[in-house]
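Scroll down for the structure; my scribbles are underneath it.
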Amino acid sequence: MSHPEYDFVAVGGGAAGFFGAIAFAEKAPGSRVCILEKTSTVLGKVKISGGGRCNVTHACFDAKRLTTHYPRGERNLIGPFHRFGAQDTVDWFQKRGVSLKTESDGRVFPVTDDSQTVIDCLMSATRELGIEVRYHSEVDRLCRSGERWLIDLKDGSTVSSRAVLIATGGTRNNAGVRLAGTLGHEIVPAAPSLFTFKIPDRRLEGLSGIAVEEAAVSIPGTKLRSDGPCLITHWGLSGPAILKLSARGARELADKDYQFEIVINWCGPMSGEKLDAILLEARESAPKRRVRNGLPGLTMPSRLWHRLAEDSGIPAELTWSNLTRDARQRLVAELTAGRFRVQGQSLNKDEFVTSGGVALKEIDFKTMQSRRTPGLYFAGEVIDIDGVTGGFNFQSAWTTGHIAGESAAAGG
Ligand SMILES: Cc1cc2nc3c(=O)[nH]c(=O)nc-3n(C[C@H](O)[C@H](O)[C@H](O)COP(=O)(O)OP(=O)(O)OC[C@H]3O[C@@H](n4cnc5c(N)ncnc54)[C@H](O)[C@@H]3O)c2cc1C
């Protein structure tokens, strides 16, 4: 029985599958390339990403530095980022008519602030290159037949291809991970990354929406720490500092069943000693001012300051000139080393990823080809790679997809 025959099949119509298919077709003009997507839409995550704006990459143009944003995959991505880094992503989209802009925190978005611009660009590239996109095509099984792959779909049909890219993304019970496992690849168990912390604590009650620009957060008894903006939510803490910490500790925190303590310095890089000295000066600079009303020059949301001062036992009327050494030290401890008990996690609605997947050692990162089976490639979140928030997850999907497609076209 004859099957539709391709030179390259990408399993999964996400960022990595599209970049793989496009890179292959550009490198091997006239080849037969297909994207198999199990649902009725492709690029679904691109659509919802970055709050509908699609944070395509991060303005970090040094390959080595870029890798430091990946809790898993850091060492493996150095070579790939030299070959196709953030600047290449920017050039790739600009060359195809998508103008990009960089926000003050380094995140790169289309100037339209609309992820559809990115989708339109990818769809038009596939059309121009004659890449076939097949919907409702869920891949169920892969097997080698001579020099080719037979790809069985859930609907009972089969297609064949010289090279296959597994780019099925990063959800739990991932089909691509299962396919890789049945072909003998080691799999790292999945755990969510980029989640927010559930902290039922009186000190945070009623403060939802307050953001501290520069906080530092750590987890006692571990090496886990991070800094950056921290946001108080209805049920705990979120914001880049928390999301980064959740990414760095994705496995360790899953093992703790999301029950652990954190220490927050709400004054960011400022040490307790430095803050103590500043508070001491306030006796001279603002003697009659009430402590609960804050400290001139110290940038902290006033409602948070008020709450932490209250919690340190500072009476409502107390002025800086009457602040005792003991009270001052309690305030410093609350501001620079506040302890909170995390009692669960919640998905961050703006961006989340899964850690775990096909083990890094199973893949040759020069080509993204399996070290076990020739003609089989991996890209995107199906690999045990994940980045912190800020455009890094798409960057690794573009990079690994692009390299897989180019290498497969070169027969590597
Ligand atoms: C809400 C949200 C917002 C995000 N925002 C950002 C952001 O702004 N910036 C950023 O860098 N990252 C962001 N991310 C992360 C980013 O979206 C992912 O890391 C990225 O999409 C991974 O790309 P991928 O191609 O590997 O997988 P996916 O985009 O998940 O694509 C995989 C595709 O494979 C298909 N598939 C699965 N199994 C099969 C099968 N058996 N047969 C055929 N097809 C199959 C799926 O239906 C899917 O279409 C966000 C994630 C979420 C959830």
Side-chain angles (χ1 to χ4, degrees), residues 9-22 34-58 60 66 69-70 72-73 86 89 103 105-110 113 115 118-119 122 133-142 151-155 157 159 164-180 182 192-195 243 247 347-355 357-358 368 377-402 404-405:
V9 165
V11 182
F18 267 74
F19 252 53
I22 293 168
C34 171
I35 296 172
L36 298 176
E37 167 56 46
K38 78 169 176 184
T39 68
S40 57
T41 44
V42 289
L43 301 165
K45 277 203 194 163
V46 170
K47 180 74 182 167
I48 58 169
S49 65
R53 298 198 298 143
C54 188
N55 175 197
V56 284
T57 186
H58 201 93
C60 177
L66 185 57
H69 300 280
Y70 295 84
R72 282 145 296 269
T89 300
E103 301 207 327
D105 58 3
R107 292 181 302 160
V108 178
F109 292 90
D113 278 329
S115 57
V118 174
I119 296 175
L122 292 166
V133 181
R134 292 178 59 164
Y135 299 90
H136 302 291
S137 299
E138 181 170 358
V139 173
D140 191 37
R141 218 168 70 95
L142 272 181
I151 306 162
D152 294 335
L153 307 188
K154 262 264 168 67
D155 64 9
S157 62
V159 302
V164 173
L165 170 65
I166 297 189
T168 50
T171 48
R172 283 170 185 234
N173 307 321
N174 186 289
V177 169
R178 182 177 54 75
L179 295 173
T182 56
S193 180
L194 297 181
F195 49 84
L243 297 174
L347 281 186
N348 164 43
K349 65 176 175 17
D350 290 333
E351 180 176 352
F352 52 87
V353 283
T354 318
S355 73
V358 179
M368 300 315 296
Y377 297 79
F378 295 101
E381 226 182 294
V382 72
I383 306 172
D384 181 24
I385 288 180
D386 58 275
V388 297
T389 181
F392 301 103
N393 286 299
F394 276 136
Q395 183 56 55
S396 59
W398 311 130
T399 296
T400 53
H402 183 81

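All values below were derived from every heavy atom in this structure, side-chain atoms included, with hydrogens, water molecules and symmetry-related copies excluded. Order of listing sets the numbers, starting from 1, for every ligand and every atom in it.
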Check your understanding: Can you tell which of Phe394, Phe378, Tyr135 gets a heavy atom nearest to atom 11 (O) of ligand 1?
Key -> Phe394

Check your understanding: In terms of residue, atom name and distance, what is the protein heavy atom nearest to atom 40 (C) of ligand 1?
Key -> Val139 N, 3.7 Å

Check your understanding: Looking at Val353, which atoms of ligand 1 are within less than 4.0 Å of one of its heavy atoms?
Key -> 15 (C), 19 (O)

Practice item. Ignoring angles and geometry beyond distance, decide whether Gln395 reaches within less than 3.5 Å of ligand 1 through its nitrogen or oxygen atoms. Key: no

Check your understanding: Does Gly170, backbone or side chain, put an N or O under 3.5 Å from an N or O of ligand 1?
Key -> no

Practice item. Distance to 0.1 Å, residue and atom name: give those for the protein heavy atom nearest to atom 35 (C) of ligand 1. Key: Glu37 OE1, 3.3 Å

Review point. What heavy-atom pair brings Arg72 and Asp384 nearest, and what distance separates the two atoms?
Key: CB-O, 3.6 Å

Review point. Any idea which heavy atoms bring Leu165 and Phe378 closest together, and the distance?
Key: CD1-C, 3.6 Å

Practice item. Please say whether Lys38 places an N or O atom under 3.5 Å from an N or O atom belonging to ligand 1. Key: yes

Exercise for review: Ignoring angles and geometry beyond distance, decide whether Asn55 reaches within less than 3.5 Å of ligand 1 through its nitrogen or oxygen atoms.
Suggested key: yes

Point to revise | Heavy-atom closest contact (Ser49 atom, Val46 atom, distance) | key: OG-O, 2.7 Å

Study note, to complete from the structure: Nearest heavy-atom contact between Cys54 and Pro110 is O-CD, 3.2 Å

Practice item. Using a strict 4.0 Å threshold on nitrogen-to-oxygen distance, state whether Asp140 and Lys38 make a salt bridge. Key: no

Exercise for review: Return the residue, atom name and 0.1 Å-rounded distance of the protein heavy atom closest to atom 3 (C) of ligand 1.
Suggested key: Asp350 O, 2.8 Å

Check your understanding: What protein heavy atom sits nearest atom 51 (C) of ligand 1, and how far away is it?
Key -> Phe352 O, 3.3 Å

Point to revise | Rounded distance [0.5 Å steps], OG1 in Thr39 versus CD in Glu138 | key: 9.5 Å

Review point. Nearest protein heavy-atom contact for atom 18 (C) of ligand 1: which residue, which atom, what distance?
Key: Glu381 OE1, 3.0 Å

Point to revise | Worked verdict on Ser137 versus Glu37 for side chain to side chain donor-acceptor pair (under 3.5 Å) | key: CA-CA 5 Å; Ser137 299; Glu37 167 56 46; over 6 Å; no

Review point. Should Glu103 and Arg53 count as an ion pair when the cut-off is N to O under 4.0 Å?
Key: yes

**Study point:** No-hydrogen, no-angle side-chain donor-acceptor test under 3.5 Å, Asp386 and Ser355
**Key:** no

Exercise for review: Have a look at Thr168, Val388, Asn348, Ile48 and point out the one with the heavy atom closest to atom 38 (N) of ligand 1.
Suggested key: Thr168

Study note, to complete from the structure: The atoms of ligand 1 lying under 4.0 Å from a heavy atom of Lys349, numbered in the order shown, are 1 (C)

Review point. Of all the atoms in ligand 1, which lie at a distance below 4.0 Å from a heavy atom belonging to Ser49?
Key: 3 (C), 4 (C), 5 (N), 6 (C), 7 (C), 8 (O)

Review point. Once you round to the nearest 0.5 Å, how far does NE2 of His136 lie from CG of Leu153?
Key: 13.0 Å

Review point. To the nearest 0.5 Å, how far apart are CD in Glu351 and CG in Asn393?
Key: 5.0 Å

**Study point:** Contacting atoms of ligand 1, where contact means under 4.0 angstrom from a heavy atom of Asn393
**Key:** 11 (O), 12 (N), 15 (C), 19 (O)

Check your understanding: Measuring from Ile119:CD1 to Lys47:NZ, what's the distance to the nearest 0.5 Å?
Key -> 5.5 Å

Review point. Going by the order shown, which atoms of ligand 1 are within less than 4.0 Å of some heavy atom of Gly380?
Key: 26 (O)

Review point. NE2 of His69 to NE2 of His58: how many Å apart, nearest 0.5 Å?
Key: 6.0 Å

Check your understanding: Which of the listed options, Gly12, Gly20, Ala167, Gly169, holds the heavy atom that is closest to atom 28 (P) of ligand 1?
Key -> Gly169

Check your understanding: Near Ala175, which atoms of ligand 1 are under 4.0 Å from a heavy atom of that residue?
Key -> 41 (N)

**Study point:** Protein contact to atom 8 (O) of ligand 1 [nearest heavy atom, distance to 0.1 Å]
**Key:** Gly50 N, 3.0 Å

Exercise for review: Compute the minimum heavy-atom distance from Ser137 to ligand 1 and say whether it is under 4.0 Å.
Suggested key: yes

Review point. Which of the numbered atoms in ligand 1 are below 4.0 angstrom from a heavy atom of Gly14?
Key: 25 (O), 29 (O), 31 (O), 33 (C)

Point to revise | 4.0 Å heavy-atom contact, Gly13 with ligand 1 | key: yes

Exercise for review: Could you grab the distance from atom OG1 of Thr389 to atom CZ of Phe352, nearest 0.5 Å is fine?
Suggested key: 12.0 Å

Point to revise | Test side chain to side chain contact (heavy atoms under 4.5 Å, CB included) applied to Leu179 and Val358, Ile166, Thr168, the passing residue | key: Ile166

Exercise for review: Identify, by atom number and element, the atoms of ligand 1 in contact range of Val11, meaning under 4.0 Å from any of its heavy atoms.
Suggested key: 42 (N), 43 (C)

Check your understanding: Between Ala16 and ligand 1, is there a nitrogen or oxygen pair with a distance under 3.5 Å?
Key -> yes

Check your understanding: With only distance considered, is Leu43 within less than 3.5 Å of ligand 1 through an N or O on each side?
Key -> no

Exercise for review: Starting from atom 50 (C) of ligand 1, find the nearest protein heavy-atom neighbour and note its residue, name and distance.
Suggested key: Glu351 CG, 3.5 Å

